[in-house]
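Below is one structure, written out as structure tokens, with a few remarks after it.
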Amino acid sequence: MTDETPKPTDFIREAVAEDLRTGRFQSVRTRLPPEPNGYLHIGHAKAFLIDYLVAKEFGGALDLRFDDTNPAKEETEFVEAIMEDARWLGIEWEKVIYSSDFFELLYEWAVELVKKGKAYVDDQSPEEVSRNRGTLTEPGVESPYRNRSVEENLDLLERMKNGEFPDGSRVLRAKIDMAHGNMNMRDPIMYRIIHEPPHHRTGRKWCIYPMYDWAQGQNDAMHGVTHSLCSLEYLDHRPLYEWFLEALEIPNPPRQIEFARLNLNYTVLSKRHLRRLVEEGLVSGWDDPRMPTLRGMRRRGYTPEAILDFNERTGVSKSGVINSGMMADLALLEACVRDDLNRRAERRMAVLKPLKLVIDNYPDGLVEELEAVNNPEDEAAGTRSLPFAKELYIEADDFAEAPPPKYYRLYPGNEVRLRYAYFVTCTGVDKDADGNVTAVHCTYDPSTRGGDAPDGRKVKSTIHWVSAKHAVQAEIRLYDRLFTDENPDSDNFKEYINPNSLQVLTGCMLEPTLAEARPGERFQFERQGYFCADPDSAPGKPVFNRTVALRDTWAKIAQKQGK
RNA sequence: UGGGGCGUGGUGUAACGGCAACACACCGGCCUUUGGAGCCGUGGUUCUUGGUUCGAAUCCAGGCGCCCCAGCCA
């Protein structure tokens with residue numbers, strides 16, 4: 001690992017490198033303990049990636065350990081979904097284990113603590129326990145059961161395990177300090193009694209289940225984790241994490257390191273709010289392309305590479321400003337997909353809001369095949385051929401009867417280039433009885449075939465088009481941010497929902513090569529944005545999701561003009 | 001009012017006692033068969049006050065601000 005040792009780029013990698021250098025650890029093993037009760041989102045992706053990349057960079061491994069210590073909250077359904085999403089991201093893990101795999105040993109360790117006089121069974125009701133914990137500024141009150149004999153504690157714990165007592169009647173607590181400034185140290189609960197529902201893996205074998213704090217560090221130690229990476233909210237738990245390990249006299253105990261979790265502006269990331277979006281029908285499901293879930297982003301057209309890049313560009317730190325985390329900019333995420341897709345996505349022509357263009361001096365019935373470049377960023381992507389004819393569709397926005405200042409596209413008298421085709425000059429329009437433009441007329445210059453004028457004259461604009469009789473009709477879904485507020489993650493988040501987050505366009509006209517697009521295939525529709533074929537697509541009837549629009553400097557100019 | 005963490009352009013992250021850097025966003029310009037991409041440029045008294053030092057974003061002290069903690073959740 002000598003030459004391979006990476007130069008530390010953040011405080012976590014610095015700490016890990018230091019531990020290896022000093023010999024505190026000989027190798028690196030990290031673990032990601034998702035609680036299997038929800039789908040992964042962009043914030044989880046960061047945590048996953050930190051654990052995975054740190055382990056990988058130091059020649060170690062990541063294990064997946066599902067944190068199933070509360071049977072009331074977990075479901076098997078999520079286990080597979082989490083693995084599927086992580087795999088899609090490119091995360092590799094060595095072992096898949098469960099906290100419940102360690103229930104037996106963990107119980108033995110609890111018995112050990114009882115024998116050492118460091119844990120006791122408390123008969124107080126949940127209300128009493130809560131009341132006697134004290135407050136942030138007042139010390140707690142010691143339980144009247146705190147000084148029971150070791151024998152009585154052992155007997156009671158055994159009977160708790162055997163299911164002799166009802167839920168909530170007793171708990172096992174660590175005997176630490178009821179006056180501690182850190183609330184986590186005020187005799188934290190280790191085991192509580194839960195009879196129902198049965199655990200999704202261990203069934204009815206256990207009637208007591210460990211609390212997070214009691215399970216975490218011990219599980220880490222049991223399976224050889226060296227670095228237990230977690231988010232800042234667990235900082236206050238580290239003294240307890242270390243207390244247990246020390247009380248049990250664990251040699252080479254694992255080390256917990258905390259980092260700022262990721263928040264994204266203009267979205268919500270809390271499990272509760274995400275669930276509400278789905279359950280209240282505010283989105284179509286966990287994979288709605290507007291959701292910040294990995295499934296949603298995947299359907300939207302985001303690539304794992306873009307998410308990896310985003311993760312890297314947001315960095316690792318301990319400055320938790322909002323909800324113990326950094327507030328990353330959605331614009332950065334979008335920049336990351338654009339970067340990736342710009343290099344990789346093939347270009348296609350697609351007219352979202354069609355307007356008919358008739359080339360009056362083009363021969364009736366003639367169809368020419370014109371060559372178009374698939375990706376100017378990647379010569380290897382080659383070219384394709386596009387049918388061209390007298391009647392085309394152009395983007396309604398690319399024509400203006402009365403052009404605003406700085407408008408370079410089609411308007412009466414103006415000449416533009418039809419991409420990869422000809423120069424055309426607008427000669428007039430057809431209108432219906434209400435005065436709406438129904439078609440635009442133009443003439444073309446036959447000498448400009450392919451898009452260059454032999455006399456060297458220039459046009460200020462190039463617009464896209466699709467041959468009317470060859471066009472494939474499609475549905476296109478345009479997405480915008482789900483919320484109008486930068487930080488909607490509060491209980492009244494519904495007030496900030498963006499009513500225009502989804503716009504469904506039907507009757508869009510696509511170039512014929514797009515007819516058989518497979519779900520998941522991504523393209524750049526020239527001058528529009530990046531689009532991904534949706535699973536709702538049928539052969540010959542594609543449906544596309546807009547992943548992200550292209551940067552649009554014209555939109556900014558138009559906005560400044562007050563339009 | 002208890003304990004803990006964090007303050008660097010709008011946002012995020014660097015700089016490890018020696019000229020405050022990079023990315024995104026923003027604004028301006030160049031270029032362009034995508035108003036895309038690419039290229040160039042503008043923008044910061046490093047929360048504050050004081051101290052140590054030849055020299056402080058960095059070390060020390062005091063303020064201020066923000067975040068987390070009082071589930072038998074994780």
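Lettering of chains follows the sequences in order, A, B, ..., and the numbering in each one begins at 1. Here the structure is a predicted model, which is why all the values come from computation and not from measurement. Values below: every heavy atom of this structure, side chains too, minus hydrogens, waters and symmetry copies.
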* Give a yes/no answer on whether the side chain of A/R186 brings an N or O atom under 4.0 Å of OP1 or OP2 in B/G71. => no
* **C1' gap between B/C47 and B/C64, integer Å** => 7 Å
* Asked: Distance from A/C336 atom SG to A/E305 atom CD, nearest 0.5 Å?
  -> 12.0 Å
* Asked: Taking the side chain of A/E35 as heavy atoms from C-beta outward, which of B/A23, B/A37, B/A74 is closest to it?
  -> B/A74
* Asked: Mind checking the P distance from B/G9 to B/A20? Whole angstroms is fine.
  -> 15 Å
* Reckon A/N323 has a side-chain N or O less than 4.0 Å from the OP1 or OP2 of B/C68? -> yes
* To do: Could you measure between the two P atoms, the one in B/G12 and the one in B/G50, and give it in whole Å?
  => 28 Å
* Does A/K556 place a side-chain N or O at less than 4.0 Å from the phosphate oxygens OP1/OP2 of B/G28? -> no
* Structure fact -> To the nearest 0.5 Å, atom CD1 of A/I463 lies from atom CG of A/L410 at 4.5 Å
Can you tabulate the close N/O pairs, meaning under 3.5 Å, that link protein atoms to atoms of nucleotides 14-16 of chain B?
from: B/A14; atom 1: OP1; to: A/V316; atom 2: O; distance (Å): 3.3
from: B/C16; atom 1: N4; to: A/E14; atom 2: OE2; distance (Å): 2.5

* OP1 or OP2 of B/C73 sitting under 4.0 Å from any side-chain N/O of A/N70? -> yes
* **side-chain hydrogen bond (donor to acceptor under 3.5 Å, both in side chains) between A/E334 and A/Y530, intermediate numbers included** => CA-CA 11 Å; A/E334 295 182 337; A/Y530 296 96; over 6 Å; no
Pull out every protein N or O sitting under 3.5 Å from an N or O of nucleotides 9-11 of chain B, one pair per line with the distance.
from: B/U11; atom 1: O2'; to: A/M327; atom 2: O; distance (Å): 3.0

* Might you point out which heavy atoms bring A/R409 and A/W554 nearest each other, and give the distance in Å? => NH1-CD1, 3.1 Å
* Of the nucleotides B/G3, B/G71, B/G2, which one has an atom closest to the side chain of A/D236? -> B/G3
* Give the rounded distance in Å between these two atoms: CE of A/M211 and P of B/A74. => 5 Å
* Asked: Is there side-chain contact between A/F103 and A/P210, with heavy atoms separated by less than 4.5 Å?
  -> yes
* Asked: Starting at NZ of A/K46 and ending at P of B/G12, how long is that distance when rounded to a whole Å?
  -> 12 Å
* To do: Please measure how far the P atom in B/C40 lies from the corresponding atom in B/A23, and state the result in whole Å.
  => 9 Å
* Out of B/U34, B/C72, B/A23, which has the shortest distance to the side chain of A/L332? -> B/A23
* What's the base orientation of B/G43: syn (chi within 90° of 0) or anti? -> anti
* To do: For B/C22 versus B/G65, give the span between their P atoms, rounded off to a whole number of Å.
  => 34 Å
* **Note, A/L274 side chain near A/K271 side chain (heavy atom, < 4.5 Å)** => no
* Structure fact -> Closest to the side chain of A/S130, out of B/G35, B/A23, B/G71, is B/G71
* Atom CD of A/E395 to atom P of B/G35: distance rounded to whole Å? -> 12 Å
* Is any side-chain N or O of A/R409 closer than 4.0 Å to OP1 or OP2 of B/G35? -> no
* Reckon A/R238 has a side-chain N or O less than 4.0 Å from the OP1 or OP2 of B/G5? -> no
* Heavy-atom check, side chain of A/R31 versus side chain of A/S228, under 4.5 Å -> yes
* 5'-to-3' dot-bracket of RNA chain B (Watson-Crick, G-U; under 3.5 angstrom; crossing pairs as [ ]; | other strand) -> .((((((..((((....[..))))..((((.......)))).....(((((..]....))))))))))).....
* Asked: What's the spacing between A/F259 CZ and A/I12 CD1 if we round to 0.5 Å?
  -> 5.5 Å
* Asked: Starting at the 5' end of RNA chain B and moving along, which residue's nearest nucleotide shows up first, A/D213 or A/H180?
  -> A/H180
* To do: Consider the side chain of A/N342, meaning its heavy atoms from C-beta on, and name the nucleotide among B/A70, B/G36, B/A23 that approaches it most closely.
  => B/G36
* To do: With A/R148 as the cation and A/Y120 as the aromatic partner, state whether NZ or CZ is under 6.0 Å from the six-membered ring centre and within 45° of the axis.
  => no
* Between C1' of B/A37 and CZ of A/R344, the distance in whole Å -> 17 Å
* Asked: For the side chain of A/R347 and the base of B/U34, is some donor closer than 3.5 Å to an acceptor across the two?
  -> yes
* **Gap in Å between the two P atoms, one belonging to B/C16 and one to B/A21, rounded** => 13 Å
* Figure out the CH2/P separation between A/W554 and B/G35, and round it to whole Å. => 12 Å
* Between B/G7 and A/K318, is there an OP1 or OP2 to side-chain N/O distance shorter than 4.0 Å? -> no
* Could you check whether the rings of A/Y234 and A/H237 sit parallel, tilted or perpendicular, using 30° and 60° as the cut-offs? => perpendicular
* Structure fact -> Closest of B/A23, B/A74, B/C69 to the A/M183 side chain is B/C69
* To do: Please tell me if the side chains of A/F388 and A/I359 come closer than 4.5 Å, counting only heavy atoms from C-beta onward.
  => yes
* Can you tell which of B/A74, B/G28, B/G36 lies closest to the side chain of A/T69? -> B/A74
* Check whether any side-chain heavy atom of A/R201 lies under 4.5 Å from a side-chain heavy atom of A/D68, and answer yes or no. => yes
* Asked: When the nearest nucleotide of RNA chain B is assigned to A/A331 and to A/S169 on a heavy-atom basis, which residue is associated with the more 5' position?
  -> A/A331
* To do: Could you tell me whether the side chain of A/N414 reaches within less than 4.5 Å of the side chain of A/F399, counting heavy atoms only?
  => no
* Go through the N and O atoms of the side chain of A/Q524 and the base of B/U34, and report whether any donor-acceptor pair is under 3.5 Å. => yes
* Structure fact -> Per atom distances to the A/T553 side chain, the nearest of B/A74, B/G35, B/G2 is B/G35
* Asked: Hey, is the side chain of A/S319 poking within less than 4.0 Å of OP1 or OP2 on B/U13, counting only N and O atoms?
  -> yes
* Are the side chains of A/C442 and A/L357 in touch, meaning some heavy atoms are under 4.5 Å apart? -> yes
* Look at the rings of A/H223 and A/F102 and say which category their plane angle falls in: under 30° parallel, 30 to 60° tilted, over 60° perpendicular. => parallel
* Asked: For A/R313, which contact category applies under a 4.0 Å heavy-atom criterion: base, sugar-phosphate, or nothing?
  -> sugar-phosphate
* Asked: Should the pair A/R348 and A/F525 be classed as cation-pi, given the thresholds of under 6.0 Å to the six-membered ring centre and 45° from the axis?
  -> no
* Structure fact -> With the side chain defined as heavy atoms from C-beta on, A/S324 is closest, among B/A37, B/C68, B/A70, to B/C68
* **Distance in angstrom units between A/E138 CD and B/U1 C1', rounded** => 10 Å
* Given atom CZ of A/R417 and atom P of B/G36, what is their separation to the nearest angstrom? -> 15 Å
* Identify which nucleotide among B/U34, B/C69, B/C72 has an atom closest to any side-chain atom of A/L136, counting heavy atoms from C-beta outward. => B/C69
* Checking all strands, does A/Y407 fall into the base, sugar-phosphate, or nothing category for heavy-atom contacts under 4.0 angstrom? -> base
* To do: Classify the side chain of A/E233 and the base of B/G4 as holding, or not holding, a donor-acceptor pair under 3.5 Å.
  => no
